[in-house]
Amino acid sequence: MSLEPITGRYLAAEIAGRRQRIYVEEAGQGRPVLCLHTAGADTRQWRHVMNDAEITGANRIIAFDMPWHGKSLPPEGFQAEEYLLTTETYMETVLKVAEGLGLDRPVLAGCSMGGRIALQLAARHPDRFSGFVAIEASDFQPAWYDIDWFHRPDAHGGEMGAALVSTNISPHAPEAERWNTLWMFMSSGPGVFRGDLGFYTRDDSLVGRLKDIDTARTPVHLIVGAYDFTCTPEDAARTAAAIPGATLSVMEELGHFPMSEHPAGFRPFFLEALAKMPAPERIAAE
Amino acid sequence: MLERFEEMAAGIEARPHLLRLGALFSETVLVEVGGDEYYLAFDRGHLVSVTGGPSKKTPWRFALVTDREALETFWQPLPPPGFHDIFAMAKIGRMKMLGDMLALVKSLRFVKEVLAIPRAAREETAA
């Protein structure tokens, strides 16, 4: 029997004029690192990072479930709504969580759509963060599938979504973690994955903003897996090349959900990324 | 190639979870390998027959068109990027998916796991 160091609480915040109850988990102490999950999933993707004593010894790892995801309920009136995530609402959500938790310029680490919004925030709100780790993140990809597949009355969107995203899990991933990763997609709320993909596959507003990111002020490091066929190494390389000063690491044996699908394989790359981010003393001195 | 498909038919019967996943899957799937046609007829998840082509009169719900080398690479225990999954193969241009895509997507986990049975069998032999 053992008790993990991860603790969870709920944050009440008004986002885009609506009250949201947001589930937040954290572990560790030191430099704050705010972590964002992928589309159609939740904070559980960061479970191994939060249980890694070497990481949490000097970093306060924090992750939260986006509204509609995991243990964060959808807002009042959701039952008659079509969920569609937007860049503006997503950015406001991240900023409100950081503010609500009283975080002073955390490192922002996001995967997939979380990496996309991290780069948007790097371009538009760099003063609120000390650095950015963009995992499986790129400027833009249109969908190579029909996002409406994942929310229909005659089939289970979660099971179809999981079967589709399994394309992006590396065959090197341990079997148990492959299925833990897929479980989140299988069990996500109806229409939520589709609504996230609407943001991810239709909003190309980041493309023109990448050149505005000042990596001398806030470093940007990208990480991408060779088995990722949603954000390929080519997509990540193109994105990194458009951000002056950004760095990129390619993980040859990992896919689109590296921290969740293959924790041991991801670990050295995340440690490398954190080492590239400003030390807590430097953040405090600025 | 026919042996591989027979391996799939036997593999399904040995995996009760696949029969649960495929309980509503009664379709004919065309798999075309290097120009050779194979019609896989499923009945409630059971792969009941595999018939070689060519045939212009066998109706199919969806088709997977690939080449022998790509498929053999797909069945390796640790395939390189792009050959590890049918959608990845489509993305790198080594597989075409034709016909009723929604029928494929609705049973995607079942179809993917059935197609991967020869890989699992090799892993079991190696272990």
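In the text below, chain A, chain B and the rest are named by the order of the sequence lines, each starting its count at 1.
The aromatic rings of B:Phe87 and A:Trp149 stand perpendicular to each other, their planes meeting at an angle above 60°, with 30° marking the opposite boundary. Note on ring orientation: taking the six-membered ring where Trp is involved, the planes of B:His84 and A:Tyr227 are perpendicular (angle over 60°, cut-offs 30° and 60°).
Contact between A:Ala226 and B:Pro81 at its shortest, heavy atoms only, is O-CB, 3.4 Å.
Note: A:Leu164 CG to B:Arg109 CZ = 14.5 Å, rounded to the nearest 0.5 Å. Distance check: B:Ile86 CD1 to A:Ser166 OG gives 8.5 Å after rounding to the nearest 0.5 Å. Taken from CG in B:Leu108 to OG1 in A:Thr167, the straight-line distance is 6.5 Å, to the nearest 0.5 Å.
With a 4.5 Å cut-off on non-hydrogen atoms, A:Asp228 does not touch chain B at all. With a 4.5 Å cut-off on non-hydrogen atoms, A:Ala155 touches chain B through its side chain but not through its backbone.
Few gaps surround CD on B:Glu13; more than 12 heavy atoms of other groups in view lie less than 6.0 Å from it. Counted within 6.0 Å of CZ on A:Arg267, heavy atoms from surrounding residues, nucleotides or ligands total more than 12; the atom is thus considered enclosed.
Between chain B and the residues A:Glu253, A:Arg152, A:His156, A:Glu252, the largest count of heavy-atom pairs under 4.5 Å involves A:Arg152.
Residues of residues 176-194 of chain A lying within less than 4.5 angstrom of chain B, judged on heavy atoms, are A:Trp179, A:Met186 in numerical order. Among residues 91-106 of chain B, the residues having any heavy atom closer than 4.5 Å to a heavy atom of chain A are, in sequence order, B:Lys91, B:Ile92, B:Met101, B:Leu102, B:Val105, B:Lys106.
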